[in-house]
Number of protein chains: 2
Amino acid sequence: MSVEDGIDFAIIELFFFAYRDFTSDPDQILADYGFGRAHHRVLHFVNRRPGLTVAELLDVLKITKQSLARVLKQLIDTDHVVQLQGPRDRRQRELYPTAKGRALALALARPQSRRIHAALEDAGAAERTLVERFLEAMVNPELRAQIDVGSAKMSGKNHGEH
Amino acid sequence: MSVEDGIDFAIIELFFFAYRDFTSDPDQILADYGFGRAHHRVLHFVNRRPGLTVAELLDVLKITKQSLARVLKQLIDTDHVVQLQGPRDRRQRELYPTAKGRALALALARPQSRRIHAALEDAGAAERTLVERFLEAMVNPELRAQIDVGSAKMSGKNHGEH
DNA sequence: GATATTATGTCAGTACTATTGACGTAATTT
DNA sequence: AAATTACGTCAATAGTACTGACATAATATC
């Protein structure tokens, strides 16, 4: 079972290797744009939750406003993301991907998706669900609310919170 | 299914959240030592594969010699890791954890292991195997050799390659 | 034995991602 | 009117990573 001292080193290590290679695919694409992983994360969530505010984005990414600033500015300057004044609260800036931003987000997600499909190749729907449950259970319980991802909550094209 | 444009955004995002929280536990402990995630990774692999050489470590971590230098030096200076001259090739430096290093490695792994166990709480052995297979399949095929982790190859306390 | 090559260490310079703290502005709430 | 909120920005710093260059000792090769 490879458990020494009651510690599950096997999955700890597998998780490290899996994530290392999972992020290596988009990293290569990002390099062509002069972007880094931070840009990817921001673009991903803006694409996935169009209209989310700066504060919401900070909460999801668990970084500070100052860390986000440079990255977001670059994405805006390169026309991947646009800011719109919040309709209810004009202090808020709602973030939306441009067509260019959506295209890049898609290009970055494609190799990752391919890798996932390959890993689940001869797995059935039940096994897929199991992997999803495992990953979700690895997230801090109080933060699972952030994952509306593919749950019943969200059936249309838009997310729930604006 | 939450698949837009044929892209599996659900698992992509879950993987991000899961890894973010998975690394957050040891991060807090590391802060007390003035260490970062890089120290954790080095200490983990030195602990797991005692006697591995600097070159092997660089290959596993996929970083450069210069990046490793500072981190490894700090771990040696703080008596968490020792270097021994290679017995066959005296140019090589074999890396071993000290008792102090093993204790820290264990302390860092404990919350991660707890998180994994909790996530697999009501899963049987078959489901556990499935998760392991999925994570392993996410790793680049040519790099799977690095994972001796818990496979049949390694049954004793030592690793295979020295 | 002279000459590669290898394993490691180190120096200098740079980049990216992140941090904390402080301050400013506009909009909303009390 | 005053406090709070949402956001932006400036300055300073840290951790992790990079490339390139050079040095040393040990091993391998011709």
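None of these values were measured; they are calculated from a predicted model. Letters go in sequence order (proteins before strands), and every chain restarts at 1.
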Measure [atom1]/[X] against [atom2]/[N] and give the value in whole Å, please.
{"X": "B/Gln85", "N": "D/dT27", "atom1": "CD", "atom2": "C1'", "value": "13 Å"}
{"X": "A/Leu57", "N": "D/dA6", "atom1": "CG", "atom2": "P", "value": "15 Å"}
{"X": "A/Leu68", "N": "D/dA6", "atom1": "CG", "atom2": "P", "value": "15 Å"}

Using a cut-off of 6.0 Å, state whether more than 12 heavy atoms not belonging to A/Lys73 lie near its atom NZ.
no

Would you mind classifying the nucleic acid contact of A/Lys73 as base, sugar-phosphate or nothing, using non-hydrogen atoms under 4.0 angstrom?
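The residue A/Lys73 makes no contact with any strand.
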
Can you see if the side chain of B/Arg90 gets near the phosphate of D/dT27 - specifically, an N or O under 4.0 Å from OP1 or OP2?
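For D/dT27, OP1 or OP2 has a side-chain N or O of B/Arg90 closer than 4.0 Å.
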
D/dG15 OP1/OP2 closer than 4.0 Å to side-chain N/O of B/Arg70:
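No.
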
Counted 5' to 3', the first and last nucleotides of DNA chain C within 4.0 Å (strictly under) of a heavy-atom of chain B are C/dT6 to C/dC11

Suppose we call a contact any N or O donor and acceptor under 3.5 Å apart; does that hold for the side chain of B/Gln66 and the base of D/dG20?
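Yes, a donor-acceptor pair under 3.5 Å.
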
Look at the side-chain heavy atoms of Ile, Leu, Val, Met, Phe, Trp and Tyr, link any pair under 4.5 Å apart, and say whether B/Leu130 and A/Ile11 land in one connected group.
no

Per the under-4.0 Å heavy-atom filter, residues of residues 24-45 of chain A near DNA chain C come out as A/Gly36, A/Arg37, A/Ala38, A/His39, A/Arg41

Short question: side chain of [X], backbone of [Y] - any donor-acceptor pair under 3.5 Å?
{"X": "A/Arg115", "Y": "B/Met138", "value": "yes"}
{"X": "A/Thr53", "Y": "A/Glu94", "value": "no"}
{"X": "A/Arg37", "Y": "A/Asp27", "value": "no"}

On the 0 to 90° scale, with breaks at 30° and 60°, tag the A/Phe15-A/Phe134 ring pair as parallel, tilted or perpendicular.
perpendicular

Flag for A/Arg20-B/Asn140: side-chain donor and acceptor within less than 3.5 Å:
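No, no side-chain donor-acceptor contact under 3.5 Å.
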
Out of B/Tyr19, B/Phe22, B/Phe45, which one pairs with A/Phe16 under the ring-ring contact (aromatic ring centres under 6.0 Å, His included) rule?
B/Phe45

Between B/His80 and B/Phe35, ring centroids under 6.0 Å:
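Aromatic pair counts; centres sit under 6.0 Å.
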
More 5' along DNA chain C: B/Asp89 or A/Thr64, using each one's nearest nucleotide?
B/Asp89

Start at the 5' end of DNA chain D and walk down; is the nucleotide closest to B/Gln74 or to B/Lys65 reached first?
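Per heavy-atom nearest nucleotide, the more 5' residue is B/Gln74.
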
